[in-house]
Every structure is written in structure tokens, then in C-alpha cells.
There are 2 protein chains.
Amino acid sequence: MHCPYCNYYDTKVTDTRVIADGLTIRRRRECSKCSFRFSTIEESEILDLTVVKRDGRREPYNKDKLANGLKHSLEKRPYTAEQFKSLVQKIERDIQRRRKTELTSHEIGELVMKRLKSFDQIAYIRFASVYRSFQDVSGFTEELRGLIKARGLKASRPRPPINKSAN
Amino acid sequence: MHCPYCNYYDTKVTDTRVIADGLTIRRRRECSKCSFRFSTIEESEILDLTVVKRDGRREPYNKDKLANGLKHSLEKRPYTAEQFKSLVQKIERDIQRRRKTELTSHEIGELVMKRLKSFDQIAYIRFASVYRSFQDVSGFTEELRGLIKARGLKASRPRPPINKSAN
DNA sequence: AATTGTACCCCTATATATTGGGGTGGTCAA
DNA sequence: TTGACCACCCCAATATATAGGGGTACAATT
């Protein structure tokens with residue numbers, strides 16, 4: 001990896017730590033030429049997945065689009081950056097567990113809903129009303145009714161930013 | 001690094017490629033237990049920098065905040081994801097070249113402006129009007145006058161998404 | 001005032017990743 | 001329809017990173 005300071009092509013690793021539940025590697029690197037030190041992060045990334053949209057168009061999977069959709073549903077809702085990151089990681093893990101090179105945006109939407117439901121119920125309803133409304137209105141209103149009855153529409157408290165074992 | 005599929009702690013690298021002008025390493029990994037294959041990305045990350053805000057409060061540097069500020073200035077402006085990423089990388093490189101563990105938000109704002117000026121002049125003006133307005137109004141209006149005269153307020157065309165040599 | 005967490009630093013033996021070669025299939029643009 | 005580009009696949013020799021130890025400093029939290 002190149003040096004961010006002088007752009008020399010060769011840098012060496014001086015320290016390696018596994019962090020965040022083993023999902024991330026943090027390295028400390030040093031430039032072979034100017035000795036500049038810097039940190040790097042290695043993380044899993046979904047690179048070769050094609051998303052098939054409702055109209056049939058296909059496009060490369062894009063983490064930012066997932067994150068933006070989630071942020072939209074979570075607008076003005078209480079959550080920390082760590083909690084959000086963990087949510088995205090869980091959804092991406094669900095995607096990877098499908099072992100597919102193509103997924104429909106609807107399939108991804110279902111995975112998102114599954115995780116959102118236990119993360120923040122208000123966001124879940126917002127998201128679901130977009131992704132499901134035109135498919136099973138009756139089932140969705142049932143769901144809504146159930147939530148209202150059970151919890152009086154209070155959102156579930158976002159969990160503390162602790163990554164427990166796999167989920 | 002743990003396996004995203006079965007969460008086993010040990011995965012092995014099967015392939016390594018340096019990409020994006022040497023600023024990024026893409027690895028292909030395989031789980032020692034379930035043989036699941038996945039990709040990872042290693043990138044430079046600024047972890048130990050404290051930002052001193054105008055009111056004196058100090059907080060850890062946060063790439064997302066930088067990105068959000070930029071996106072705000074670039075609202076409705078034409079640019080690609082690659083161009084945006086390259087812009088953020090350049091600014092972070094400028095930050096690293098300062099070799100400081102603390103920077104004021106004003107200093108970061110200056111670095112942002114320097115890069116934004118050649119990226120998109122409309123965004124530059126938007127950003128500058130926030131970061132500079134209360135400090136040197138006369139200098140800023142001079143700047144504006146110059147831009148209007150020289151270019152009739154047309155933004156510079158975002159460059160094609162090619163990363164040339166260091167800058 | 002004490003504790004937790006994070007980034008950072010250093011060290012060493014062992015195991016692992018890397019580089020460079022060669023190659024496939026798919027998508028996108030010319 | 002041809003070429004470019006990207007993610008992916010495989011192999012083998014060499015060089016490099018890793019894990020695990022132990023440690024400092026600082027900030028935020030309790």
C-alpha cells in the first residue's frame with residue numbers, strides 16, 4: 001500500500017489488531033521511504049453482487065444505497081453511529097449468507113425489514129410502508145395493528161453499542 | 001478475520017491486489033472451516049485525530065462528518081461516487097500531511113476549500129460562505145467577484161473518474 | 001478519583017500473505 | 001463485436017505479516 005504522505009509505493013505493517021468482534025482488522029503501517037506512520041482498516045465488502053430492481057434493470061450492489069435507505073427510515077430516530085454500523089453489518093451478513101451473485105431489491109428489502117424490526121419499530125414501519133405497501137396491504141395493516149396493540153407505538157430502545165456474539 | 005458466513009475466527013487470504021492508485025488493497029479470503037469466500041478492502045483511515053471546534057470543544061475526527069459536509073455543499077451538483085471518493089481521499093491526505101494529532105475545524109475547512117475550489121466552484125462558494133463568512137467577508141466577496149468575472153458562475157466540470165498520480 | 005476504552009508503541013518466533021505470472025466470464029461502451 | 005475493465009480463479013517462491021506478550025497516554029465515563 002502506498003504512503004499517504006509521500007506516495008511511495010512500499011509501506012510495512014508494524015502492528016495488527018483484530019477488532020469489532022473479529023469483523024475488522026486494524027493495521028499500523030510505516031512508509032519504507034519517509035517513515036510516515038498511519039493506520040488502515042480492513043473490512044469485508046460485497047463487491048460482486050448484482051441487484052435486480054423491480055423494473056428488471058440490474059446494477060452492482062452498493063453499500064451506500066443500503067445505508068442511505070436505512071438512514072432515511074431512521075430519520076430523527078435515536079441511534080448511535082456504532083449501532084448503525086452494526087445494523088448494516090448484520091444486513092450485509094444476511095446478504096452474504098444467501099450465497100447468491102444476484103438478488104432482487106425486494107429480497108434485500110425483506111432482509112432489511114427483518115433487522116429493522118428489532119432495531120427500531122418506527123423505522124421498520126416507515127421502511128415497510130415503502131417496500132411492502134403495494135404487495136400485501138392487508139398483511140401489513142395486520143402487522144401495524146399488532147405493533148400498536150403490543151407497544152403503543154413506542155419504538156424499541158436501540159441496544160447499547162456492544163457487539164455480542166454472532167447473530 | 002472472522003468468516004461473515006459462519007463466524008469462524010480463522011480465514012485465509014487466497015489473493016491480494018493493490019488497486020485505486022495504490023491507496024487500497026483488495027483481498028480474497030476463504031474460511032478455514034466452511035470454505036466460504038469473500039472479499040475485503042483495506043484502506044487508510046484517520047483514527048487518532050482530534051478536531052478542535054470553534055467553541056473550544058474537542059471531538060474525535062470523523063470521516064462521515066467531512067463527507068456529509070461535502071455532500072451538503074455538493075447538493076444537486078453533478079459528480080460521480082468515484083469523483084467524490086477521490087475528493088475525500090485528497091482532503092484526508094492533506095490532513096495527514098499536516099502531521100498533527102489535533103486540528104481546528106477551521107483548519108480542516110481551509111483544506112476542504114482548497115480542494116473544493118478546483119472540484120466544483122458552486123460547491124466551493126456554498127462551503128466558503130459558511131466557513132469564512134464571519135471571518136473575512138471582504139476577502140470572500142473579492143473571491144466571489146473574481147469567480148463571477150472569470151467564469152460567469154459556471155462550475156468547473158467534474159473531472160473524469162480516473163485517478164492520476166499523486167496530488 | 002478511579003476505571004474503561006482506544007490508539008499507540010515495542011518485541012519475537014512462527015505462519016502466513018504477497019507478488020507476478022497466467023487465465024475465465026461478465027458487463028459496458030465504442 | 002471487439003476491447004476494456006473488473007471480480008474472480010489458480011500456482012509457486014520469497015518476503016512479510018501475525019499473534020501474543022506487555023506497556024504508555026489520553027479521553028470519556030462513572
>> What is the distance, to the nearest angstrom, from the CG atom on A/Leu49 to the C1' atom on D/dC8?
In response: 14 Å
> Roughly how many Å is it from CG in B/Leu47 to P in D/dC26, rounded to a whole number?
Replying inline: 18 Å
> Tell me: OH of B/Tyr9 to P of D/dA19, nearest whole Å?
Replying inline: 10 Å
> What nucleic acid atoms does B/Thr50 come within less than 4.0 Å of, heavy atoms only: base, sugar-phosphate, or nothing?
Replying inline: nothing
>> Closer than 4.0 angstrom, basic N to acidic O: yes or no for A/Glu42 and B/Arg26?
In response: no
> Side-chain contact, heavy-atom cut-off 4.5 Å: A/Ser39 with A/Arg29?
Replying inline: no
>> Taking B/Arg37 first and then B/Glu30, would you say they form a salt bridge - that is, a charged N and a carboxylate O separated by under 4.0 Å?
In response: yes
> Heavy atoms under 4.0 Å, any strand shown: does A/Arg37 hit a base, just sugar-phosphate, or nothing?
Replying inline: sugar-phosphate
> Whole-Å distance between D/dT18 C1' and A/Arg17 CZ?
Replying inline: 10 Å
>> Taking the basic N atoms (NZ, or NE/NH1/NH2) and the acidic carboxylate oxygens, is any pair closer than 4.0 Å for A/Glu45 and A/Lys63?
In response: no
> Just how far, in rounded Å, is C1' of D/dA28 from CZ of B/Arg57?
Replying inline: 14 Å
> A/Thr16 or B/Ile19: which one's nearest nucleotide on DNA chain D is closer to the 5' end?
Replying inline: B/Ile19
>> Given C/dT16, D/dG20, C/dT18, identify the nucleotide with an atom nearest to the side chain of B/Val13.
In response: C/dT18
> In whole Å, what is the span from the CZ atom of B/Arg26 to the C1' atom of D/dC8?
Replying inline: 8 Å
>> Could you report the tightest heavy-atom contact between A/Asn7 and A/His2, atom names first, then the distance?
In response: O-ND1, 3.6 Å
>> Using heavy-atom distances to pick each residue's nearest nucleotide on DNA chain C, tell me which of B/Arg29 and A/Glu59 is more 5'.
In response: B/Arg29
>> Quick check on DNA chain C: between A/Asp15 and B/Lys12, whose nearest nucleotide comes earlier from the 5' end?
In response: A/Asp15
>> OP1 or OP2 of C/dC8 versus the side-chain N and O atoms of A/Ser39: is any pair under 4.0 Å?
In response: yes
> Given atom CD1 of B/Ile25 and atom P of C/dG20, what is their separation to the nearest angstrom?
Replying inline: 13 Å
> Can you find a side chain N or O atom of A/Arg28 that sits less than 4.0 Å from OP1 or OP2 on C/dA7?
Replying inline: no
>> Counting only side-chain nitrogens and oxygens, does B/Arg58 get under 4.0 Å of the OP1 or OP2 atom of D/dA27?
In response: yes
> A/Arg27 side chain N/O closer than 4.0 Å to the phosphate oxygens (OP1, OP2) of D/dT18?
Replying inline: yes
> Want to settle it: does A/Thr11 or B/Glu30 sit nearer the 5' end of DNA chain D, counting the closest nucleotide to each?
Replying inline: B/Glu30
> Starting at CG of B/Asp48 and ending at C1' of C/dG5, how long is that distance when rounded to a whole Å?
Replying inline: 12 Å
